[in-house]
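To start, the structure under review is shown below, and the notes come after it.
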Amino acid sequence: MESADSIRLLYRHFLSEVTKKSLNAFYYACSYAKVDYSKFRNVTAGIALKLIPETLSSQPVFLCMDDTMISKFGKKFENVSKLFDHAAHNGFNYLNGHCFVSIMLCVPVWEKNKIHYLSVPLGYRMWQKKESKLELAASMVRRAMPIFREKETVILLCDSWYVKKNLVSIVDEYENLDLIGNARSDSILYDLPPQRTGKRGRPALHGKRLSIQDDFMLSDEKIGNYYMAVRRVLTNIFGKKEVLAYVTSTEKDSNSRRLFFSTVFPERLQLLCAWQETSPLNQTGSDRIQFIPLMLYTFRWNIEVSYYEQKTFWSLCSYMVRSRKGIEMLVNLINITYCAMKLLPYHDEAFSKYRTESVQEFRFALSKQIHQQVFYAIFVKKVETSIKSNALINALKQLVQKQEY
């Protein structure tokens with residue numbers, strides 16, 4: 001369907017033509033069916049991982065973590081509440097609705113002799129105030145990680161909201177999991193502990209406290225759109241674990257600077273920079289190798305694009321189901337159709353021409369063919385008697401004679 005603003009609309013214009021089930025059966029299936037929709041995420045991830053060519057098997061895959069708000073006018077939806085949204089465009093920063101935490105997988109594929117990262121959203125979970133979004137996000141990552149046990153490097157990308165102990169501690173649970181994330185600019189940083197002098201006494205746990213304004217020397221020229229600086233640090237967020245701290249600024253003398261953390265070091269990455277589709281990764285020279293982890297953070301923007309497409313073109317915000325389970329089921333079913341449109345051109349060569357097209361273009365072409373097939377099936381069913389068939393054949397003969405074929 002080109003759009004499905006409600007289950008009723010979908011049933012009226014499509015489902016009623018292909019099934020004898022009643023409308024209530026679909027409402028019941030969303031809210032009461034014993035289906036573990038959390039398994040959808042691992043199935044989608046498994047299909048996406050199979051698309052990675054053998055030549056790119058050593059390249060990292062990315063898990064993008066974020067949350068999005070969906071505004072609802074009614075107050076009879078389960079778990080609906082007043083939510084703070086810094087991106088709201090309604091004159092103030094609060095809206096009535098639901099908050100969904102989601103996770104996205106980015107896998108490398110070849111596209112015109114360049115490495116293109118295909119982004120596939122794995123699923124949504126509705127946030128309830130009885131648990132924090134950090135705990136919800138961590139549980140989603142834990143459910144997804146078993147599918148990546150054979151991958152050498154999995155990198156979790158998240159913004160400053162998620163770079164907190166409750167989530168970053170999950171990196172220590174898996175050997176192949178790392179994290180690159182934006183952080184609050186006032187995060188406490190320490191230099192590495194000084195070398196031991198051999199004197200008596202307890203050794204220092206860390207060095208002096210660092211300032212992102214005074215202790216990070218920005219690069220002489222812009223890399224992409226930013227001046228950058230990097231050094232190994234210790235921070236309370238990661239405990240005793242050494243991490244890379246990156247500082248960026250649009251102007252060299254500006255006091256406005258952003259801070260990023262990375263648990264993955266450049267020497268551990270087997271990244272084919274020369275074949276990267278995304279700039280400035282494909283322009284990385286020997287003097288810029290140290291900034292590669294920060295450049296990888298740009299893949300997190302793909303989850304924002306997915307939110308925009310699903311909200312604008314895929315009726316993600318139009319659900320009218322009231323129960324929490326029903327809402328989550330419907331939202332995840334919409335997400336599955338979205339993922340199918342992104343994966344099918346890579347899975348089936350018959351649709352390979354749509355790899356470079358938008359996912360909406362492919363959906364339109366496919367839905368047109370589905371409607372035609374449904375029309376033909378109904379048409380044949382209604383003319384299957386000999387009387388109707390003879391009448392149809394005579395009509396077609398008259399049409400052919402009239403056209404002088």
Side-chain angles (χ1 to χ4, degrees), residues 38 41-42 45 49 58-67 101-107 122-123 125 127 131-193 196 202-207 209-210 230-247 259-271 290-297 299-300 303:
S38 63
R41 293 194 292 270
N42 286 8
L49 290 174
S58 63
Q59 300 300 288
V61 297
F62 300 95
L63 287 175
C64 306
M65 178 67 65
D66 205 353
D67 58 87
V101 178
S102 69
I103 187 171
M104 168 179 275
L105 172 64
C106 301
V107 297
L122 300 182
R125 286 285 305 279
W127 172 59
E131 65 177 335
S132 72
K133 286 191 282 188
L134 295 170
E135 294 171 348
L136 181 58
S139 67
M140 294 178 71
V141 174
R142 289 189 181 98
R143 291 293 297 270
M145 280 306 296
I147 202 71
F148 303 108
R149 57 182 176 271
E150 296 182 0
K151 293 301 298 179
E152 183 176 348
T153 306
V154 181
I155 302 177
L156 181 63
L157 307 176
C158 51
D159 61 15
S160 58
W161 176 267
Y162 292 94
V163 181
K164 298 179 176 66
K165 276 189 176 181
N166 293 11
L167 181 64
V168 302
S169 60
I170 199 174
V171 174
D172 298 325
E173 299 177 18
Y174 303 94
E175 293 183 357
N176 61 339
L177 181 62
D178 285 287
L179 180 142
I180 302 173
N182 188 203
R184 289 172 57 100
S185 59
D186 59 353
S187 299
I188 297 177
L189 307 177
Y190 297 103
D191 200 0
L192 300 182
R196 301 190 63 172
R202 183 179 178 181
L205 297 178
H206 52 72
R209 184 168 174 176
L210 302 176
V230 59
R231 67 184 298 171
R232 293 191 178 210
V233 301
L234 295 174
T235 176
N236 294 337
I237 299 175
F238 292 91
K240 298 180 181 180
K241 190 183 186 71
E242 289 185 21
V243 297
L244 290 176
Y246 290 93
V247 174
L259 175 65
F260 299 83
F261 291 129
S262 172
T263 64
V264 61
F265 294 87
E267 54 268 22
R268 283 185 49 206
L269 288 171
Q270 300 181 21
L271 201 66
Q290 58 183 336
F291 299 112
I292 285 181
L294 179 59
M295 297 176 190
L296 297 177
Y297 182 76
F299 288 117
R300 198 202 71 84
I303 198 170

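- Smallest separation of non-hydrogen atoms from R232 and D191: O-OD1, 4.3 Å.
- No side-chain heavy atom of K165 sits less than 4.5 Å from a side-chain heavy atom of L134.
- Across all their heavy atoms, L136 and W127 have their closest contact at CD2-CA, 3.9 Å.
- Rounding to the nearest 0.5 Å gives a distance of 12.0 Å between NZ of K133 and CE of M65.
- The closest side-chain heavy-atom distance from L269 to L296 is below 4.5 Å.
- The main-chain N or O of F238 is never found under 3.5 Å from a side-chain atom of T235 such that the two would form a donor-acceptor pair.
- In this structure, CZ in F265 is found 4.5 Å from CG in L244, a value given to the nearest 0.5 Å.
- Among all heavy-atom pairs drawn from A245 and L259, the shortest one is CB-CD1, 4.2 Å.
- Tested against L234, the residues I188, L189, L192 include a single side chain to side chain contact (heavy atoms under 4.5 Å, CB included) partner, L192.
- When each of L156, D178, L179 is tested with V264 by the rule side chain to side chain contact (heavy atoms under 4.5 Å, CB included), just one qualifies, namely D178.
- To the nearest 0.5 Å, atom CG of residue L167 and atom CE of residue M140 are 11.5 Å apart.
- Using a 4.5 Å heavy-atom cutoff, the side chains of N236 and Y190 are in contact.
- Between E173 and R142 there is a side-chain heavy-atom pair separated by less than 4.5 Å.
- Here the CG atom belonging to N182 is positioned 9.0 Å from the OG atom belonging to S187, to the nearest 0.5 angstrom.
- Taking the side chain as every heavy atom from C-beta outward, I237 and V243 never approach each other to under 4.5 Å.
- The shortest side-chain heavy-atom distance between L157 and M104 does not fall under the 4.5 Å cut-off.
- Using a 4.5 Å heavy-atom threshold, the side chains of D66 and Y162 count as touching.
- Enclosure of atom CD in E131 by more than 12 non-hydrogen atoms of other residues, nucleotides or ligands within 6.0 angstrom is indicated.
- Proximity of V163 to S160: side-chain heavy atoms (C-beta onward) are nowhere separated by under 4.5 Å.
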Derivation of the side chain to side chain contact (heavy atoms under 4.5 Å, CB included) call for I180 and F260: CA-CA 7 Å; I180 302 173; F260 299 83; 5.6 Å; no
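- To the nearest 0.5 angstrom, M145 atom CE is 4.5 Å from L177 atom CG.
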Side chain to side chain contact (heavy atoms under 4.5 Å, CB included) evaluation trace for L105 with F148: CA-CA 11 Å; L105 172 64; F148 303 108; 3.7 Å; yes
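- To the nearest 0.5 Å, atoms OH (Y246) and CE (M295) are separated by 9.0 Å.
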Step-by-step side chain to side chain contact (heavy atoms under 4.5 Å, CB included) determination, V230 to L294: CA-CA 9 Å; V230 59; L294 179 59; over 6 Å; no
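- Closest non-hydrogen pair, R41 versus R125, comes out as NH1-CG, 3.9 Å.
- Counting heavy-atom neighbours within 6.0 Å of E150 CD, excluding the residue itself, gives a total of 12 or less.
- Here the closest heavy-atom approach between residue R149 and residue P146 is recorded as NH1-O, 2.6 Å.
- Shortest non-hydrogen contact noted between C64 and F299 is SG-O, 3.7 Å.
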